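Notes follow once the structure below has been shown.
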Amino acid sequence: MAEIKCIGILTSGGDAPGMNAAIRAVTRAAIYNGLSVVGIKRGYYGLVYNDMEPFTSKSVSNIIQQGGTILKTARCKEFATVDGRRQAYDNMRAAGIDALVVIGGDGSLTGARIFAEEYDIPIVGLPGTIDNDLGGTDQTIGYDTALNTIIEAVDKIRDTATSHERLFFVEVMGHMAGDLALNSAIASGAEAAIIPEMETEIDQLGDLVKRGFRKSKNSAIVLVAENPTTGGALGLAQRVKEEFPEYDARVTILGHLQRGGSPTAADRILASRMGVEAITALREGQRNVMIGIKNGELVYVPFVKATTHVRTVDHQGVDIVKILSI
Ligand code: F6P
């Protein structure tokens with residue numbers, strides 16, 4: 001196996017708080033170990049269109065506390081093509097890059113897997129997404145901050161929901177994963193969470209009404225995971241209008257504010273641990289794995305497992321919301 005002397009680093013897909021902390025950790029751990037680092041701009045675009053710059057320790061100063069990503073990010077269509085990846089490979093080699101660290105979610109790590117298979121390049125991934133939807137890891141970088149952002153917003157919505165005695169559907173992101181909705185429901189004391197994983201099991205809105213939350217409460221907050229198939233929170237509000245007109249329902253879609261903000265301590269620590277581990281992994285000859293965390297321990301997760309796992313319902317979480325909202 002060729003010796004690794006220079007590492008390219010990129011962030012790709014939706015940004016997540018803690019990506020900067022991860023960029024900092026990867027860069028400094030690489031330099032600490034005598035490697036050079038190249039920062040690649042706008043995800044895979046930077047590889048395809050040759051937009052990269054050498055990184056020093058100073059390049060990543062004063063960023064651990066910043067949301068977003070100093071490298072910028074994008075979803076690159078060209079990289080999904082054979083020609084685009086060939087161009088990316090040629091540019092990468094011309095820049096002297098021997099290995100990559102890719103920070104991103106599902107789509108970004110799938111791209112990394114295909115690229116690594118085609119060109120036999122050592123790549124290590126870090127799970128950077130607020131969605132917490134990757135296999136083999138208990139947590140992704142950005143998820144904890146997004147949860148905190150959501151509960152701060154829900155606490156405020158609760159004031160007006162209570163005053164007006166209304167039913168509120170608060171829609172959160174998740175990319176067809178219900179973790180953000182379910183766990184922010186637990187953390188904000190919401191009356192229910194409506195999540196895609198439960199879709200085929202039960203009519204979640206019907207169940208909420210049947211449970212008769214109105215008997216004990218005059219208002220309710222329901223956390224809804226975005227879902228283009230059902231129309232998410234707007235779809236539910238429409239159903240309430242038609243099927244349960246006795247409820248005064250309102251919708252708040254939190255949108256991209258969930259992706260911003262200074263990362264929490266938990267995300268900064270996770271990103272720092274994973275970033276340092278990415279360099280250890282590459283130096284040890286690991287390739288085509290994502291760094292994950294299981295029961296507090298860092299683990300290596302093959303890209304295929306990280307990106308193709310089947311989501312299951314967190315019944316324990318669903319029960320907790322139910323039990324605690326009586
Ligand atoms: O994957 C992160 C995410 O924020 C998802 O939760 C959401 O569905 C999607 O990205 C939104 O993407 P965009 O910023 O391209 O609209």
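When reading the values below, keep in mind they use all heavy atoms of this one structure, side chains included, and skip hydrogens, waters and symmetry mates. Just so we're clear, the structure is a prediction, and the values are computed from it rather than from any experiment.
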Criterion side-chain contact (heavy atoms from CB on, under 4.5 Å) on L182 and V318, from CA distance to verdict: CA-CA 7 Å; L182 186 57; V318 172; 4.1 Å; yes

Stepwise side-chain hydrogen bond (donor to acceptor under 3.5 Å, both in side chains) test for R24 and S272: CA-CA 8 Å; R24 172 179 177 270; S272 300; 4.6 Å; no

From CA spacing to verdict: side-chain contact (heavy atoms from CB on, under 4.5 Å), I150, S188: CA-CA 9 Å; I150 294 167; S188 62; over 6 Å; no

Audit row: E171, V251, side-chain contact (heavy atoms from CB on, under 4.5 Å) steps and yes/no: CA-CA 8 Å; E171 183 177 297; V251 168; 5.6 Å; no

Working for side-chain contact (heavy atoms from CB on, under 4.5 Å), residues N288 and I123: CA-CA 5 Å; N288 313 335; I123 307 184; 4.1 Å; yes

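D159 has no carboxylate O lying under 4.0 Å from a charged side-chain N of K156, or vice versa, which leaves the two without a salt bridge. Under a 4.0 Å N-O distance rule, the pair R86/D90 does not qualify as a salt bridge. Of the charged side-chain nitrogens involved, at least one lies within less than 4.0 Å of a carboxylate oxygen, so that R239 and D203 count as a salt-bridged pair. A salt bridge is defined here as a Lys NZ or Arg NE, NH1 or NH2 lying under 4.0 Å from an Asp or Glu carboxylate O, and E191 with R158 meets this definition.
Note that the CD1 atom of I141 and the CG atom of N20 stand 11.0 Å from one another [nearest 0.5 Å]. To the nearest 0.5 angstrom, F169 atom CZ is 7.0 Å from L208 atom CG. Atom CD1 of residue I130 and atom OG1 of residue T140 lie 8.5 Å apart, to the nearest 0.5 angstrom. In this structure, the separation between OG1 on T129 and CG on L109 is 9.5 Å, given to the nearest 0.5 Å. Atom-to-atom distance recorded for Y45:OH and K72:NZ is 15.5 Å, nearest 0.5 angstrom. The OG1 atom of T69 sits 7.5 Å away from atom CG of D15, with the distance rounded to the nearest 0.5 Å.
Between L47 and L100, the shortest heavy-atom contact is CD1-CD1, 4.1 Å. Across all their heavy atoms, A271 and A25 have their closest contact at O-CB, 3.9 Å. Residues C76 and V48 approach most closely at SG-CG2, 4.3 Å, considering heavy atoms. What you find for V321 and A192 is that their closest heavy atoms are CG1-CA, 3.6 Å. Pairing each heavy atom of A29 with each of V276, the nearest pair is CB-CA, 3.9 Å. Nearest heavy-atom pair across M19 and G14 is CE-O, 3.5 Å.
For Y32, the ring-ring contact (aromatic ring centres under 6.0 Å, His included) test picks out no residue, with sequence neighbours left out. For Y300, the ring-ring contact (aromatic ring centres under 6.0 Å, His included) test picks out no residue, with sequence neighbours left out. Applying the salt bridge (charged side-chain N to carboxylate O under 4.0 Å, His left out) criterion to R113, with sequence neighbours excluded, gives E117. Listed by chain and residue number, R311 satisfy the salt bridge (charged side-chain N to carboxylate O under 4.0 Å, His left out) test with D179 (two or more places apart in sequence, or in another chain). The ring-ring contact (aromatic ring centres under 6.0 Å, His included) test applied to F79 returns Y44, F115, not counting sequence neighbours. Scored by the side chain to side chain donor-acceptor pair (under 3.5 Å) test, N62 finds Q65 as partners (sequence neighbours excluded).
Here the side chains of I97 and I121 are not in contact, with every heavy-atom distance at 4.5 Å or above. Side-chain contact between L180 and L147 is present, with heavy atoms from C-beta onward closer than 4.5 Å. A heavy-atom distance below 4.5 Å is found between the side chains of Q139 and L270. N91 is listed as a side-chain neighbour of M52, based on a closest heavy-atom distance under 4.5 Å. Residues L282 and V101 meet the side-chain proximity criterion, which asks for heavy atoms closer than 4.5 Å. Residues V26 and L126 meet the side-chain proximity criterion, which asks for heavy atoms closer than 4.5 Å. Residues V37 and V60 are not in side-chain contact: their nearest non-hydrogen atoms beyond the backbone lie 4.5 Å or more apart.
In summary, the side chains of R166 and T160 do not present any donor paired with an acceptor at a separation below 3.5 Å, with no hydrogens or angles considered. Between the side chains of Y89 and E118, not a single donor N or O lies within less than 3.5 Å of an accepting N or O. A side-chain N or O of T56 and one of S59 form a donor-acceptor pair less than 3.5 Å apart. A donor atom on one side chain and an acceptor atom on the other are not found under 3.5 Å apart for N148 and T264.
Hydrophobic clustering (ILVMFWY, side-chain heavy atoms < 4.5 Å, transitive): I221 and L236 are in distinct clusters. The cluster map of Ile, Leu, Val, Met, Phe, Trp and Tyr, joined by side-chain heavy atoms under 4.5 Å apart, puts I70 and M274 in the same cluster. Both I279 and V289 are part of a single hydrophobic cluster, where members link through side-chain heavy atoms under 4.5 Å apart. Linking Ile, Leu, Val, Met, Phe, Trp and Tyr whenever their side-chain heavy atoms come within less than 4.5 Å puts M290 and V102 in one cluster. Both L35 and V124 are assigned to one and the same hydrophobic cluster, defined by single-linkage of ILVMFWY side chains at heavy-atom distances under 4.5 Å.
Without hydrogens or angle criteria, R283 side chain to N33 main chain gives no donor-acceptor distance under 3.5 Å. Here the side chain of T137 pairs a donor or acceptor atom with the backbone of I293 at under 3.5 angstrom. The closest donor-acceptor contact from the side chain of E226 to the backbone of G174 lies under 3.5 Å. No side-chain donor-acceptor contact under 3.5 Å links D144 to the backbone of D267. When atom types are taken as modelled, the side chain of S108 and the backbone of S12 share a donor-acceptor pair closer than 3.5 angstrom. Between the side chain of Q258 and the backbone N or O of M173 there is at least one donor-acceptor pair closer than 3.5 Å. A donor-acceptor pair under 3.5 Å links the side-chain atoms of R28 to the main chain of S57, judged by distance alone. Of the possible polar contacts, one joining the Q204 side chain to the I195 backbone as a donor-acceptor pair under 3.5 Å is found. With T307 contributing its side chain and T110 its backbone, the two residues share no donor-acceptor pair below 3.5 Å. Of the possible polar contacts, one joining the D138 side chain to the N295 backbone as a donor-acceptor pair under 3.5 Å is found.
The local environment of CD in E284 is crowded, with over 12 non-hydrogen atoms from other residues, nucleotides or ligands closer than 6.0 Å.
The aromatic rings of Y247 and F244 stand perpendicular to each other, their planes meeting at an angle above 60°, with 30° marking the opposite boundary.
Exactly one residue among R42, Q87, E78 makes a side-chain hydrogen bond (donor to acceptor under 3.5 Å, both in side chains) with Y49. That residue is E78.
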